[in-house]
A.B. asks: 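Below is a structure I'd like to ask you about.
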Amino acid sequence: MEPVILTTARLLLRTPTARDTETVFAAVQDPDILRWTTMPSPYLPEHAQGFTEQLVPEGWADDTMLTWGLFLPEGEELVGMLGLTRRSTGTAEIGYWIAKEQRGNGYVTEAVEAAARWAFGEWSIDRVEWRAEVGNHASRAVAERAGFTIEGVLRSSLVHQGVRRDCWVGALLPSDLSLPSTAQYLPASE
């Protein structure tokens with residue numbers, strides 16, 4: 001798939017490229033990003049280079065992992081990153097981070113909503129899952145503001161820095177955004 005550019009009221013979502021490598025590297029030095037994401041720690045320049053020059057383009061090319069940098073349109077300042085990874089037919093998992101100096105502006109919520117709407121309409125996705133280590137309250141707040149329903153705790157479900165950890169899981173369905181699904185959904189009845 002060719003990379004897709006999305007826009008919101010305040011953001012430009014585009015594929016991060018080699019020209020963004022240094023900015024990605026600098027942003028990911030934030031201890032909170034390293035604490036709550038599964039990125040390598042320490043995060044080295046070669047990790048950022050592999051991300052922008054190999055992982056991102058390959059994910060788009062094979063239609064398995066779609067990554068957007070979140071940029072302020074004027075000057076294209078990087079404020080965060082968002083990815084959708086196809087997990088199974090009709091299901092993708094979302095992940096994101098925000099640069100320290102941009103937290104609290106609602107940028108990630110805005111980007112999550114735009115990416116989810118696009119995935120439901122253009123990528124044949126009927127369920128976007130969100131997972132975060134239990135205790136990552138900032139990520140959970142973004143997911144809840146974007147309309148995700150928190151479905152529970154998965155025990156020993158994430159591996160972070162060599163340690164298995166519990167995670168919260170939530171989901172966003174097209175119907176949560178008043179959008180049609182590509183497949184019929186029959187909720188459980190008690």
Side-chain angles (χ1 to χ4, degrees), residues 8 10-59 65-85 87 92-116 128-146 148 150-170 172:
T8 69
R10 303 179 298 158
L11 297 171
L12 169 69
L13 282 68
R14 68 159 172 82
T15 303
T17 64
R19 74 178 191 222
D20 303 306
T21 300
E22 289 182 24
T23 307
V24 169
F25 171 72
V28 176
Q29 297 311 300
D30 174 29
D32 286 334
I33 292 175
L34 292 173
R35 166 60 184 96
W36 295 113
T37 67
T38 56
M39 286 191 238
S41 181
Y43 193 78
L44 305 173
E46 52 265 30
H47 294 126
Q49 182 177 12
F51 175 73
T52 60
E53 295 180 22
Q54 186 175 8
L55 191 66
V56 170
E58 287 177 3
M65 185 175 72
L66 312 183
T67 304
W68 288 274
L70 315 181
F71 296 89
L72 298 178
E74 195 170 305
E76 291 199 28
E77 176 186 352
L78 177 71
V79 299
M81 200 67 60
L82 180 147
L84 285 169
T85 303
R87 292 294 180 211
E93 183 177 336
I94 197 163
Y96 43 80
W97 56 259
I98 185 86
K100 184 176 185 170
E101 59 277 1
Q102 299 296 339
R103 292 183 186 137
N105 292 317
Y107 291 138
V108 177
T109 302
E110 192 173 314
V112 166
E113 291 169 353
V128 175
E129 293 182 350
W130 160 86
R131 295 167 194 249
E133 185 179 330
V134 171
N136 188 346
H137 295 283
S139 183
R140 182 174 174 150
V142 167
E144 290 177 326
R145 281 193 302 272
F148 283 73
I150 307 306
E151 297 175 333
V153 173
L154 300 175
R155 297 179 311 138
S156 188
S157 182
L158 290 179
V159 177
H160 181 64
Q161 298 178 357
V163 178
R164 296 199 69 84
R165 300 164 191 260
D166 295 346
C167 76
W168 288 314
V169 64
L172 186 68

A.B. asks: Are Thr67 and Thr15 side-chain neighbours, meaning at least one heavy-atom pair lies under 4.5 Å?
C.D. replies: no
A.B. asks: Look up atom CZ in Arg131 and atom CD1 in Ile94, then write down how far apart they are to the nearest 0.5 Å.
C.D. replies: 13.5 Å
A.B. asks: Going by the salt bridge (Lys or Arg N to Asp or Glu O under 4.0 Å) test, which pairs reach into residues 40-49, not counting sequence neighbours?
C.D. replies: none
A.B. asks: Does the pair Tyr107 and Thr8 meet the rule for a side-chain hydrogen bond (donor to acceptor under 3.5 Å, both in side chains), with working shown?
C.D. replies: CA-CA 9 Å; Tyr107 291 138; Thr8 69; over 6 Å; no
A.B. asks: Sequence neighbours left out, what passes side chain to side chain donor-acceptor pair (under 3.5 Å) with Gln29? Give chain and number order.
C.D. replies: none
A.B. asks: Among pairs that include at least one residue of residues 153-162, which meet salt bridge (Lys or Arg N to Asp or Glu O under 4.0 Å), considering only residues two or more places apart or in two chains?
C.D. replies: none
A.B. asks: Do Val134 and Val153 have side chains that approach each other closer than 4.5 Å (heavy atoms only, starting at C-beta)?
C.D. replies: yes
A.B. asks: So, applying side-chain contact (heavy atoms from CB on, under 4.5 Å) with Trp97, which one of Ile33, Val79, Leu70 is it?
C.D. replies: Ile33
A.B. asks: Would a 4.5 Å heavy-atom cut-off, applied to side chains only, mark Glu133 and Arg35 as touching?
C.D. replies: yes
A.B. asks: Less than 4.5 Å apart, side chain to side chain, heavy atoms only: is that true for Val112 and Phe148?
C.D. replies: yes
A.B. asks: Going by salt bridge (Lys or Arg N to Asp or Glu O under 4.0 Å), name the pairs with one or both residues in residues 102-116, residues two or more places apart or in two chains.
C.D. replies: Arg10-Glu110, Asp30-Arg103, Asp32-Arg103
A.B. asks: Any side-chain heavy atom of Trp130 sitting closer than 4.5 Å to one from Arg140?
C.D. replies: yes
A.B. asks: Among pairs that include at least one residue of residues 29-49, which meet ring pair (Phe, Tyr, Trp, His ring centres under 6.0 Å), considering only residues two or more places apart or in two chains?
C.D. replies: Tyr43-His47
A.B. asks: Answer whether the closest heavy-atom distance between the side chains of Leu12 and Leu72 falls below 4.5 Å.
C.D. replies: no
A.B. asks: Can you list every side-chain hydrogen bond (donor to acceptor under 3.5 Å, both in side chains) pair that touches residues 72-84, not counting sequence neighbours?
C.D. replies: Arg14-Glu76, Arg19-Glu76, Glu77-Gln102
A.B. asks: Could you walk me through whether Phe51 and Met39 satisfy the side-chain contact (heavy atoms from CB on, under 4.5 Å) test, starting with their C-alpha distance in whole Å, then the side-chain angles of each, then the deciding distance to 0.1 Å, before giving a yes or no?
C.D. replies: CA-CA 10 Å; Phe51 175 73; Met39 286 191 238; over 6 Å; no
